Novice: 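Following this message is one structure expressed as structure tokens.
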Amino acid sequence: MSVDLLFLNNKDMEKLGVGDMNAAIHDVERAYVLTEQGDVLAPGKCVMRWGSTPEDENIYGRINAMPGMIGGEYNMAGIKWIGSGPMNYKKGLPRASVTVVLNDPDTKLPVCIADGTAVSAKRTGASGGIAMKLLSVENAKALTICGAGAQGRTQLEAALIVRPSLETVYIYDIMKDRSELFAEESKAKYPNVNFVPVDDPEEAVRKSDITVCVTLANEPIIHSGWLKKGSLIMNMADFEVTYDCVRKADKIVVDNWETIKHRLVSTVSLMARDGLIKDEDIHAQLGEILCGKKTGRENDEEIIYFNAVGTGILDIAVTTRCYKKALEEGVGTVLPYWE
Ligand SMILES: NC(=O)c1ccc[n+]([C@@H]2O[C@H](COP(=O)([O-])OP(=O)(O)OC[C@H]3O[C@@H](n4cnc5c(N)ncnc54)[C@H](O)[C@@H]3O)[C@@H](O)[C@H]2O)c1
């Protein structure tokens, strides 16, 4: 018996709607809900890090393996294999490169190998968007994005979908030319929004209803005194905000607490390591709020800290949607996997 495998490159994925942020938000919400319903397998990330410290990782890079199985209407297993080359920009290459392998959950055989680079950026934007929808004030007017990279762009896209009330977006990056470029690009794309590149995040954060950090910082760039009442502070990567930002928050919300503790790079995970945060201090995972088991934002006064680590099932959900469409529309290259 022969077995075929479908190969989907970046262009195929584009044709299959990987860029559709509304669809990504739907997939990611379903993945969170299915997680709460126990209909997933989501073992921790396996991190293959070059060098010996987190600082080394930001120079020499890493490749992470993120396996998973998602049930429900997706019913698919697989793995996300994500390389991070922090110095790739010097060669004109993206920092993150992602390959997703999908496996039939019954036979366990691979059925698809897809470029997952856009999947990863979209699903992280979608996670951020879901957090903003559940945890930010409803009429949010100002947003600060720290980190003018691939993820900063999808955070913006999702933010403008879930919070169309946003009028001003401040952009901060350690490399000024990057925040300026991002602002310029965004002005052309969203002419009704005011984009302001800033040299220092303080004033911007003080005015913002939502601050999202998607940087490579491993020393805090955001301080608690800057957080205004009713704001949402989103720590989407490593040690980007101070311990005091977490202490100041009325609620701590996460995407997946066990994975966050295992990955041990974000502010709240370091606090857990240091015995400063206990499991019971975590108000909710996003899925619990989506299922109605826990509350999201309850008033316009509370400060909420959110941290996302990301799990492979999010990428598997988005890639499965594209794969099913590829089968219907005959997109991609069929490879004879087993003859
Ligand atoms: N939570 C998740 O699910 C998830 C998913 C994907 C990526 N990430 C994380 O998001 C971060 C950004 O990813 P990306 O693909 O956009 O990377 P990128 O390299 O495209 O962009 C990162 C940007 O951060 C800037 N930066 C670096 N250090 C900074 C600092 N100290 N202060 C301000 N800006 C700084 C860089 O100049 C760059 O413009 C990474 O740390 C990545 O690991 C998180």
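Below, all heavy atoms of this structure are taken into account, side chains as well, without hydrogens, waters or symmetry copies. All figures in this text were calculated on a predicted structure; none of them were measured in a lab. Remember, it's 1-based here, ligands and their atoms both numbered in the order they're listed.
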Novice: Take every heavy atom of D238, measure it against each atom of ligand 1, and state whether any distance is under 4.0 Å.
Specialist: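 For ligand 1, residue contact (heavy atoms, under 4.0 Å) with D238 is absent.
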Novice: Judged by modelled atom types alone, do D209 and S231 share a side-chain donor-acceptor pair under 3.5 Å?
Specialist: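 Checked: D209/S231 side chains show no N/O donor-acceptor pair below 3.5 Å.
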Novice: What pair of heavy atoms forms the shortest contact from G230 to I303, and how long is it?
Specialist: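 In this case the closest contact between G230 and I303 is N-CG1, 4.1 Å.
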Novice: Just going by heavy-atom distances, which of L216, T117, N58 is nearest to atom 27 (C) of ligand 1?
Specialist: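 Among L216, T117, N58, the closest heavy atom to atom 27 (C) of ligand 1 belongs to L216.
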Novice: Salt bridge or not for E185 and R153, using N-O below 4.0 Å?
Specialist: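 Yes, this pair counts.
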Novice: Is there a side-chain contact (heavy atoms from CB on, under 4.5 Å) between K122 and T124 once you walk through the steps?
Specialist: CA-CA 5 Å; K122 290 287 168 179; T124 310; over 6 Å; no
Novice: Hey, could you give me each pair passing salt bridge (Lys or Arg N to Asp or Glu O under 4.0 Å) that has a residue in residues 64-81? Not counting sequence neighbours.
Specialist: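 Every pair satisfying salt bridge (Lys or Arg N to Asp or Glu O under 4.0 Å) with a residue in residues 64-81: R30-E73, K80-D315.
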Novice: Considering distance alone, does some N or O of G147 sit under 3.5 Å from an N or O of ligand 1?
Specialist: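 No; every N/O pair is 3.5 Å or more apart.
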Novice: For atom 20 (O) of ligand 1, what's the nearest protein heavy-atom neighbour? Residue, atom name and distance, please.
Specialist: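 Answer, as residue, atom name and distance: A150 N, 3.1 Å.
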Novice: Looking at non-hydrogen atoms alone, which of I145, D173, T154, T215 comes nearest to atom 25 (C) of ligand 1?
Specialist: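 Ranked by closest heavy atom to atom 25 (C) of ligand 1, first place is D173.
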Novice: Shortest non-hydrogen contact from A140 to S165?
Specialist: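 A140 and S165 have their closest heavy atoms at O-OG, 2.6 Å.
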Novice: Side chains of Y337 and D4: do they bring a donor and an acceptor to under 3.5 Å?
Specialist: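 The criterion, which ignores hydrogens and geometry beyond distance, is not satisfied for D4 and Y337.
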Novice: For the residue pair R178 and Y89, would you count it as a cation-pi contact if the rule is NZ or CZ under 6.0 angstrom from the ring centre and within 45 degrees of the ring axis?
Specialist: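 Yes, a cation-pi geometry holds between R178 and Y89.
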Novice: Name the closest protein heavy atom to atom 5 (C) of ligand 1, giving the residue it belongs to and the distance to 0.1 Å.
Specialist: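 For this ligand atom, the closest protein heavy atom is T124 OG1, 3.1 Å.
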Novice: Could you check which of M175, M236, Q151 puts a non-hydrogen atom nearest to atom 1 (N) of ligand 1?
Specialist: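 Closest candidate by heavy-atom distance is M236.
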Novice: What protein heavy atom sits nearest atom 33 (C) of ligand 1, and how far away is it?
Specialist: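 Answer for atom 33 (C) of ligand 1: I174 N, 3.3 Å.
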Novice: Have S2 and E339 got a donor and an acceptor in their side chains that come within less than 3.5 Å?
Specialist: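 No, because no side-chain N or O of S2 sits under 3.5 Å from a partner of the opposite role on E339.
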Novice: Which bit of R95 gets closer than 4.0 Å to ligand 1, counting heavy atoms only: side chain, backbone, both or neither?
Specialist: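 Looking at R95 and ligand 1, just side chain atoms fall under 4.0 Å.
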Novice: Suppose I only count heavy atoms of G310 and a 4.0 Å limit; which atoms of ligand 1 are within that range?
Specialist: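 Those qualifying, in numeric order: 3 (O).
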Novice: Looking only at distances, can you tell me whether any N or O atom of R123, backbone or side chain, sits closer than 3.5 Å to an N or O atom of ligand 1?
Specialist: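 Between R123 and ligand 1, an N or O pair is found under 3.5 Å apart.
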Novice: Tell me: protein heavy atom nearest atom 21 (O) of ligand 1, and distance?
Specialist: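 Atom 21 (O) of ligand 1 sits closest to the protein heavy atom G149 CA, 3.3 Å.
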Novice: Between A217 and ligand 1, which residue portion shows a heavy-atom distance shorter than 4.0 Å: side chain, backbone, both, or neither?
Specialist: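 Both parts.
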Novice: Consider only side-chain N and O atoms of Y32 and N256, and report whether a donor and an acceptor are under 3.5 Å apart.
Specialist: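 Per modelled atom types, Y32 and N256 side chains form no pair under 3.5 Å.
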Novice: Does only the side chain of R153 get under 4.0 Å from ligand 1, or the backbone, or both, or neither? Count heavy atoms.
Specialist: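 For R153, there is no contact with ligand 1 at all, from either part.
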Novice: Would you please say whether a donor-acceptor pair under 3.5 Å links the side chains of T242 and D244?
Specialist: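 There is no such pair (donor and acceptor under 3.5 Å, judged by atom type) between the side chains of T242 and D244.
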Novice: Is ligand 1 less than 4.0 angstrom away from at least one heavy atom of Y89?
Specialist: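 Judged by the 4.0 Å heavy-atom criterion, Y89 does not count as contacting ligand 1.
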Novice: When you measure from atom 22 (C) of ligand 1 to each heavy atom in V214, I221, V265, which option holds the nearest one?
Specialist: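 Going through V214, I221, V265 one by one, V214 has the nearest heavy atom to atom 22 (C) of ligand 1.
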Novice: Just so I know, are the side chains of V268 and Y243 near enough to count as touching, which here means a heavy-atom distance under 4.5 Å?
Specialist: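 V268 vs Y243: side chains apart.
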Novice: One residue to check: R62. Relative to ligand 1, which of side chain, backbone, both or neither has a non-hydrogen atom less than 4.0 Å away?
Specialist: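 R62 to ligand 1: side-chain contact only, backbone stays beyond 4.0 Å.
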Novice: Any chance you could measure M69, atom CE, to I79, atom CD1, to the nearest 0.5 Å?
Specialist: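 The CD1 atom of I79 is 14.5 Å from CE of M69, to the nearest 0.5 Å.
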Novice: If we only count N/O pairs under 3.5 Å, is A237 in contact with ligand 1?
Specialist: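 No, since none of the N or O atoms of A237 sits under 3.5 Å from an N or O of ligand 1.
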Novice: Within the structure, is a non-hydrogen atom of C146 found at a distance of less than 4.0 Å from ligand 1?
Specialist: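 No heavy atom of C146 comes that close to ligand 1.
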Novice: Answer yes or no for E219: is there a heavy-atom contact with ligand 1 below 4.0 Å?
Specialist: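 For ligand 1, residue contact (heavy atoms, under 4.0 Å) with E219 is absent.
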Novice: Would you tell me whether T295 and H283 have side-chain atoms, one donor and one acceptor, within less than 3.5 Å of each other?
Specialist: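 Side-chain D/A pair, T295 to H283: present.
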Novice: Under a 4.0 angstrom heavy-atom cut-off, which atoms of ligand 1 come close to R178?
Specialist: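 Selected atoms, number and element: 36 (C), 37 (O), 38 (C), 39 (O).
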Novice: At a 4.0 Å threshold, what atoms of ligand 1 neighbour a non-hydrogen atom of Y172?
Specialist: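 Listed by number with element: 32 (N), 33 (C).
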Novice: Below 3.5 Å, N or O to N or O, backbone or side chain included: is there any such pair between A96 and ligand 1?
Specialist: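 N/O-N/O distance below 3.5 Å does not exist for this pair.
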